[in-house]
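Okay, so here's the structure we're looking at.
Just follow the structure's listing: the first ligand is 1, and inside any ligand the first atom is 1. This structure is a prediction, so every number in the text was calculated from the model and none was measured.
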Amino acid sequence: MSMLKEKILVLGGKTGMLGQALVKGAIARGYEVETLGREDGDILDYEFLKEKIQQINPQIVFNAIAYTAVDKAEEDEQNASAVNKRLPEMLACILKGTSVFLVHYSTDFVFGGKQYTPYTEKDEPCPLSVYGATKLAGEQALAKLENCAILRTAWLFGEGRKNFVSTILKYAQEKNSLRVVADQFGSPTYTKDLAEMTFLVLKNHGTGIFHAVNSGQASWCELASEAVKILNLHVFVEPIETKDWPQKAVRPAYSVLSTQKLTQMYGYSPRPWVQALQEYIFENMNELKQNGEQHV
Ligand SMILES: NC(=O)c1ccc[n+]([C@@H]2O[C@H](COP(=O)([O-])OP(=O)(O)OC[C@H]3O[C@@H](n4cnc5c(N)ncnc54)[C@H](OP(=O)(O)O)[C@@H]3O)[C@@H](O)[C@H]2O)c1
């Protein structure tokens, strides 16, 4: 007798950094996987999205589509809002009353950064940027959907797309010194580990908001220094202040997330970010060591 596999639809599964890790994780766990993204048509068209979801008929949907260009969003609020707020609104409408389980992703940038202890799911959001505000609106759009978990994550690195770590390692091989912000603190997180936390929540049918990051905390400068050290690159990483690296969007000075809820509910403790970073770099050594245009 053949067992029917559960089908997961990964939105952004072809090109998104997290999307690709989710696809890999789902295949490894024996799920049937389909993806949907820009390459298939206008995902922001309600009728198109609804028809595609009905056609694919998944038991589970992961929404890894987002407008993630934090600075660009400051001058492109309409598009940021269409992807980060309107898409979750449409998913809430399409999935309401069905048994489909949705996992959606949000960000540490929903917080204002005015505290010095890790943010819990009960802390009050206070976004400082258009990106943060539109992501918060996306969370709110899904608040009433029954079969839905929202995983807030942060400072992602992983395969398949340019990210902070891969960019630092690229420049570290081209320059003698790098200037990196040392007065913003967050929770660096490997997409592979976030995928694992996603399947943990899914297995337990956890609903509501969860903070899902690797353990520990770092400044951007500490993250860059650690990455450079792992690859044994001889480059000076100079700590600088936020005011000396002007960017369009305001970022929280402190946005470390507490994963206490995941631990209390499921007995799960994410591994430290340094360990996850080592695995990411060791697994992708060839691509991360600059060779031509290759850029993980
Ligand atoms: N990256 C981080 O450091 C970070 C930190 C905190 C939270 N998060 C959250 O984690 C989740 C995953 O982030 P990520 O870093 O994996 O994002 P990403 O690599 O930037 O991928 C975003 C995905 O969304 C798709 N997309 C964007 N606009 C679209 C549109 N108008 N129509 C169709 N597809 C569109 C992209 O497609 P194209 O490739 O075609 O553009 C891509 O597949 C997001 O919810 C993000 O807010 C990320």
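Residues satisfying the side chain to side chain contact (heavy atoms under 4.5 Å, CB included) criterion with L128, sequence neighbours excluded, are V250, P252. Take V181 and apply the side chain to side chain contact (heavy atoms under 4.5 Å, CB included) test, not counting sequence neighbours, and it matches D183, Q184, W220, I240, T242, W245. Not counting sequence neighbours, R38 has no partner by the side chain to side chain contact (heavy atoms under 4.5 Å, CB included) test.
Protein residues having a heavy atom under 4.0 Å from any atom of ligand 1 are G12, T15, G16, M17, L18, R38, I43, L44, A64, I65, A66, T68, V83, Y105, S106, T107, Y131, K135, T153, A154, W155, L156, R161, listed by chain and number.
Annotation: H211 is not in aromatic contact with Y119 [ring centroid separation under 6.0 Å not met]. Separation of the F157 and Y190 ring centroids falls under the 6.0 Å cut-off.
Side-chain contact check for T259 and Y268: no donor-acceptor pair (N or O, by modelled atom type) lies under 3.5 Å.
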